[in-house]
Amino acid sequence: MSLQEIVIQQLFNGLLLGSFYGLVALGYSMVYGIIRLLNFAHADIYMVGGFCSLSLLTFFGGTFLGKGWLGIIVSMLITMIVVGLLGVIIERVAYKPLREAPRLSLLITALGVSMVLYNSVMVITAGEYRAYGTGLGYDGFSIGSVFITHTQAILILAAVALMLVLHLFITRTMYGKAMRAISMDRDCCRLMGVNVNKIIALTFFVGSALAASAGMMAGVYYGSLHFYMGFTIGIKAFTAAVIGGIGIIPGAMLGGLLLGLLESFGTQIPLIGSAWKDVFSFTILIFILIFKPTGLLGKKESERM
Amino acid sequence: QPAAPSQGEDEEAGGAEAPQFDGEILVGIMVPVTGSEATYGQDMENAMKIAADEINAAGGILGKELKFTLGDDGCDPQMCTAAASKLVSSEVVAVLGGYCSGATIPALKIYGDAKVPFIITAANSTELIKENPGWAFMINSPGYHQADAAADCFEKLGVSKLAFVHQGDGFSENLAELTRDEWLSRGHEVVAYDVVNKGEQDFSSLVTKIRSSGAEGVYWTAYHADGAMLIMQLRQGGYTGEITVADGSSSVQLLEIAGAAGEGVYCTSPPVVDYLPAAQKFISTYNAKYNQEPGPYAGLAYDGTHLLADAIERAGSTDPDAIRDALAATDKFETLCATVTFTPENVLEESNFMILKGEGGKWVLVE
Amino acid sequence: MVILEIKDLTLRFGGLTAVNKVSFGIEEGSIESLIGPNGAGKTSLFNCLTGFYRAQEGDILFEGKSVMKMKPHKITTLGMARTFQNLRLFKNLTVMENVMSGMHCRASAGVAGAILRPPTQRAEEKRIRDVALECMDFVGILDKKHRLAKNLPYGDQRRVEWARALATQPKLLLLDEPAAGLNYDEKMQLVELIRRIRDERKITVFLIEHDMGLVMKVSEKIFVIDYGTKIAEGTAQEVQNNPRVIEAYLGKEEETAV
Amino acid sequence: MKEKQTCLQSASAQTATKRKNPLAQLIDRLYVLFDDKKVRYGVLAVAVVVLIYLPMKSSMYITEVMTTFWFHVVVCLGLNIIVGFAGLLSLGYAAFFAVGAYTTGIMILHYGISFWLTLPVSVLMAIIAGLAIGGPTLKLRSDYLAIVTLGFGEIIRLAARNLEITGRATGLVGIDRPTFFGIAMVRINHFYYAFLVLAIMAIFISYRLQDSRLGRAWKCIREDEDAAEAMGINVVAVRLLAFIIGSVFGALAGSFMAIKMTAISPESFLFTQSVMILLAVVLGGMGKIPGVILGAFAVVIFPEVFRGIGQYRMLIFGVVLLVLMIYRPQGLWPERHT
Amino acid sequence: MSEVVLTLKNLETRYGQIYALKGISLDVREGEIVTLLGSNGAGKSTTLKTISSLVPACGGKVEFLGKDITNAPPHTIVEMGVIHVPEGRRIFKELNVTENLELGSFTLKDDAERKRRIDNVFELFPVLAERSKQSGGLLSGGEQQMLAIGRALMTEPKVLLLDEPSMGLAPIIVQGIMDIIKTINERGTTVLLVEQNAKVALKLADRGYVLETGEIVMEGDADKLSKDDSIVKAYLGH
Ligand SMILES: Nc1ncnc2c1ncn2[C@@H]1O[C@H](COP(=O)(O)OP(=O)(O)OP(=O)(O)O)[C@@H](O)[C@H]1O
Ligand SMILES: Nc1ncnc2c1ncn2[C@@H]1O[C@H](COP(=O)(O)OP(=O)(O)OP(=O)(O)O)[C@@H](O)[C@H]1O
Ligand SMILES: [Mg+2]
Ligand SMILES: [Mg+2]
């Protein structure tokens, strides 16, 4: 491969990885944006999304829908709804009672939810990997020795489309403003007629649905699922959300893409390589935060004396 | 779903119609039955129980009943020390097991200090034995046997430029290093030497790197699940060279997950019972009792149990020194997987590695 | 003698000039006030004096020493204390802990002192407690010393702020709208308190306040700013009759003042 | 005064008038009792005697578990200084004890230096690490700090994994155990006492710091940095001190861990470790010393008690954790109980 | 006599063990301005918070237009037309002025109408129009107070509950705010006003109640109250 081809291929790899990070980071960011919680359980929602969609796809595989794109799209929609509702239930059961508690307690509760989720899946799957069989092959197109499968191309488009829809929803409706306002002063929002519980529930629904969609895409793309699969991407997406400016929606996408690119080029660059690539990206993250303490798109915290 | 055998089942199997015993011999099992490696640990425990049933049915050891007590090391060094001291506190005669090298090392010290003979049935890092001179015995071929096997395999495939991928843990890194050195010493080229972090799913940038390095073969030294994903992504990313995986990936699950991409993948494998003619009876017993296939390390676990029983018989007592000396003196003891004789370092003398190839979703023995 | 001197101070936020070439001095041992319309830049000026905002131009001399580039904690240590317009108490700490925090800059025990507790350190701890108790007594919240700050009524929270500022043992006390939220009776008590702070404790007081009744009663000199610029200064009488002040700030009706 | 009508549980926080069950009330009363210095010292004296006596009477297993517990007491109290006292969220605390463990390990293994001489170096390295992570990030808000500490923890672990001097992925194996006044430290009992002494020191120092000028300054910056600054507290210096002291606690614990385990590898310092320690601190009751000890106890004992139930263990742990947090959001032994 | 819009019957509220309201009853008629006086900690803010359901009542009743709204979810109370401007302004600090106003009309679906109302508010408070893109948190105290009132007006409420609107305002603005309250009131909004500045409040109000430690100790017409000796002494001064 020529240098140019390597760059293009790595660019593409980074974008695809980055859009997964972005999708998961969105959920972190939204939840943080509204109740200032670093939702550790979010990564497990991603994992549950993967498994949920696998069951559905296995089921639909037997019907006329098949395991091709049609079956995948239907499974994805149902997964997003089911897992979105799971997110809402988790919020009701585990987070709502602690809304006024210290924030770190909420963080630990989220950790508890995370443990419950992944250990449940571990028990159910006996800790084994599950193959994610789809009807998609490895067909693709190549430009020189740059090779991109159709699946990859479609997934990246889907991820970007989902992010755009979310962005429009948040900027074009009162919902987005209410979300931000709730994070600043919940009681005062109530006095404006905002149904705070409903908006929080909606946030969890949307965030979880997005994570679930990412979980399914990961299954389709990587071909296998594991109860622990959320862990690493969880940390990465969390990092991405912070790089972009946590609580800021476009920031999460930007952070995700940036992190994806850092990792893929980090792997390729000789002195860094796969061994040091995470050190490389975390170092850049720390530098970003030192020079821009609220993340790339974050605004300066403004409070007067 | 594999039924985790309950305590009750265990007793029933042990004491069904066995003869009268004159006391019991308590042996510790140290394997992970929780955590990421729980399946293998479970397989090993199951196989040991089968061996114990056979031994007890044949009259036990020195007329005493062989009993087990489990210490779960969770494949985690911290948990492992607790498990090891729990076993030592229960005054076991010897310990069987040891799956994750990293989690076995701290235990070795504890067993050595307590003078408890320890037969390591799966972990095979060469670092292990140094920690416990005299009291630990490895019945799995050590890493350098595998490095030889892998180099032979690639040479046969006519490959010269090789890429190595490990997973950043002691075991897979150690193997990758040994094989790399072997490969270089045979006058070949290493074009990439990389690591994927545990839990990562996306290897596409690594695939591109390997492709751009011009590698003709890839040697994966870590475990099957991530191995399967790597294989799929290599093929998806347009890599067409040879792929060989190491013993951690010898599970059929690798082929199940990898699907079409798994065709033609080679494996340097420890003696897996499925391909050993002598092991057919063991397999059917295992199937009958646990309703699943024995995993890759079940055979060695079974062998280790018999080896221990034999050594205690030869020692004629449960005195630890006597057992240790008897183990060290083992001479051409026939087991399912190999003929056991130990080197002065208590490591297996002859390599027991074999080469498998993925064909039609199954491993088949090459040669 | 002038304890605080402000020279051509200018503070800008982007395009907005919050403080514009303001100069004046505060006499040691006096009580002086700063008034002006909302958004005139009074609080911003306080923030510059105490190091929370960095003014772009000009100079601030406290006892003849420039404090322009100093960090807030340094300035407090030099002897300038403040209260905040939007109460900034340590909400989850008790009143006692709040007030004791003021003594931080007047004590010196470090890590070793804390762990080994030599007699000097014990004596220092006792002194911190004594001063805190005395300050709470002075503003009249001694009986609430074990309550959490956040559970006090607004008026009492204000008092905690005063006590805390007094505990830093300042030479100059800056009060930002101390009377907001107090009723008539309480305002009269405040007038009394401010006078006692000056007379008994020899602390110079400089305050921002919108309650003209109080300002007129208590201050010896008043500065007026509007749009960041000083428009008047003088005694209560002079300022009250200044047409620019009436137009920008006071309005015609006198009832608004208590 | 009797309650006339049940108040609807809704809206605002401060108004939550939760009825406490008798058990919780009893516990709270005990807690209040414990705040009395005399009671506290009495209980502690009895505890110390029992604990010194314990390894002579109990099995090796119990001693091993208790040793792990003392280790956790030290690291949890260390993290408590950062999180509980100073209010700085740290998700990478394992890095600090990695620093201690590797410093000791490398010096013993590669340079043959006596263990006791490695301790001051370990402390020095901890101070450097505390400065390295605290220094550039002091301006960051809590959650951003959390991610920086997480990143720092990962960087330390990955560096240990990739560097030759730290033994790469295999780690350092065969670290010699020291002698203490002629006694070779080989038995678990020796380590039990070593960690017990370390833990008692940590408890003592924590109490002393808490009731000091520095302790109060930490509480203030935790509540409101600007106001603290206005009170003449040098926020930067005080925060940095919290980082450094916390990191010294961790490093010392790490050094002792290195000789106890005789082998250390990057896998002992995973993110999950950091999270578990944070969990212990918050679950027990951030900022409250007995609470933190209780949290450490819970985190160590729980997995042992439920060892028998295999793979359901962590599931049950998760559920119990959830229930506890929902019923006692301030922790098992909260800093303030009203 | 006009219709009663808001009635409190024996309302009780507590914070933990402390009773902040010990059974207060009052009513507000349509088109009135009613003021609530009392010293610090008397329970004035608590009264308003209980009406808007921000804190739960634990005894008694709140009725709005004959309907029981005690402890109803706060947003439904807003939808019915009762708006509470809380003590201490409570501006959304990181939203700009326009966004703050938009949130005031959260219950409104019609965007054009929202725009019209924002323009109305800008007309009442021209300073806000100048600062329309500035973050709420960076406004001066007085600007924030204007924004808080403007935000409440966005719903075009039937009843406006105002908690110390004059706090921290320059005298000239206090006059302005009082004039605006009068204007709003004349346009048909009923006002319940809590004020420390009793002189101004009594001048503006039709009737008043005096609250002391959670109980109503006096009530009556505003002029009558402003002549009462005890009130003069504690709240007005001469
Ligand atoms: N950090 C900041 N960034 C941008 N603008 C600011 C900032 N702080 C204050 N301002 C603006 O500067 C001007 C002066 O504000 P300041 O708080 O000093 O007024 P003030 O005189 O104290 O008014 P008030 O009496 O209402 O409290 C205001 O218009 C305000 O919006
Ligand atoms: N969150 C709270 N927790 C505990 N007690 C509270 C709380 N809020 C108010 N109180 C108490 O309730 C009583 C009434 O308070 P409220 O705020 O209603 O007084 P107010 O009349 O508005 O006084 P102010 O003029 O100071 O605003 C006070 O004694 C106060 O201490
Ligand atoms: Mg101001
Ligand atoms: Mg009030």
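The figures here come from the full heavy-atom set of this structure, side chains too, leaving out hydrogens, waters and symmetry mates. This one's a predicted model, so the numbers in the text were calculated from it and none came from an experiment.
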Legend entry - Check: D:Ser274 side chain, D:Ala94 main-chain N or O, donor-acceptor pair, under 3.5 Å: yes
Inset, instruction - Please confirm whether the backbone N or O of B:Glu345 pairs with a side-chain atom of B:Thr343, one donor and one acceptor, at under 3.5 Å? - result: yes
Residue part contacting chain D, namely of [X], when any heavy atom lies under 4.5 Å:
| X | result |
| --- | --- |
| B:Ala38 | neither |
| B:Lys109 | side chain |
| B:Leu108 | neither |
| B:Asp169 | both |

Inset, instruction - List for me each residue that meets ring-ring contact (aromatic ring centres under 6.0 Å, His included) alongside B:Tyr193, sequence neighbours excluded, and say none if there are none. - result: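 Only B:His166 meet the ring-ring contact (aromatic ring centres under 6.0 Å, His included) criterion with B:Tyr193.
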Inset, instruction - Could you list the residues that satisfy ring-ring contact (aromatic ring centres under 6.0 Å, His included) with D:Phe269, not counting sequence neighbours? - result: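 For D:Phe269 the ring-ring contact (aromatic ring centres under 6.0 Å, His included) partners, ignoring immediate neighbours, are D:Phe97, D:Tyr102.
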Legend entry - Any side-chain donor near an acceptor of the partner, B:Gln167 and B:Ser172, under 3.5 Å: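 Note: B:Gln167 and B:Ser172 side chains miss the donor-acceptor criterion.
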Legend entry - Max heavy-atom pair count under 4.5 Å with chain D, selected residue of B:Thr81, B:Leu87, B:Asp76: B:Thr81
Inset, instruction - State, yes or no, whether a side-chain contact exists between B:Met48 and B:Val27 at a heavy-atom distance under 4.5 Å. - result: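 Not in contact.
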Inset, instruction - For residues D:Trp116 and D:Leu119, determine if any side-chain heavy atom of one lies less than 4.5 Å from a side-chain heavy atom of the other. - result: yes
Legend entry - Check: D:Phe256 ring centre within less than 6.0 Å of D:Phe115 ring centre: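 Yes, the ring centres sit under 6.0 Å apart.
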Legend entry - Atom CZ of D:Phe302 with >12 non-hydrogen neighbours under 6.0 angstrom: yes
Legend entry - Heavy-atom contacts under 4.5 Å, residues 62-78 of chain D to chain B: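 If one takes a 4.5 Å heavy-atom cut-off, the residues of residues 62-78 of chain D near chain B are D:Glu64, D:Thr68, D:Phe71.
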Legend entry - Neighbours of chain B found in residues 154-168 of chain D - heavy atoms under 4.5 Å: D:Leu158, D:Arg161, D:Arg168
Inset, instruction - Look at the rings of B:Tyr290 and B:Tyr286 and say which category their plane angle falls in: under 30° parallel, 30 to 60° tilted, over 60° perpendicular. - result: tilted
Inset, instruction - Name the orientation class of the two ring planes belonging to B:Tyr99 and B:Tyr223 (parallel below 30°, tilted from 30 to 60°, perpendicular beyond 60°). - result: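 It falls in the tilted class, 30° to 60°.
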Inset, instruction - Applying side-chain contact (heavy atoms from CB on, under 4.5 Å) between B:Val95 and each of B:Ile120, B:Val116, B:Thr69, report the one that passes. - result: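 Going through the options one by one, the only one that passes is B:Val116.
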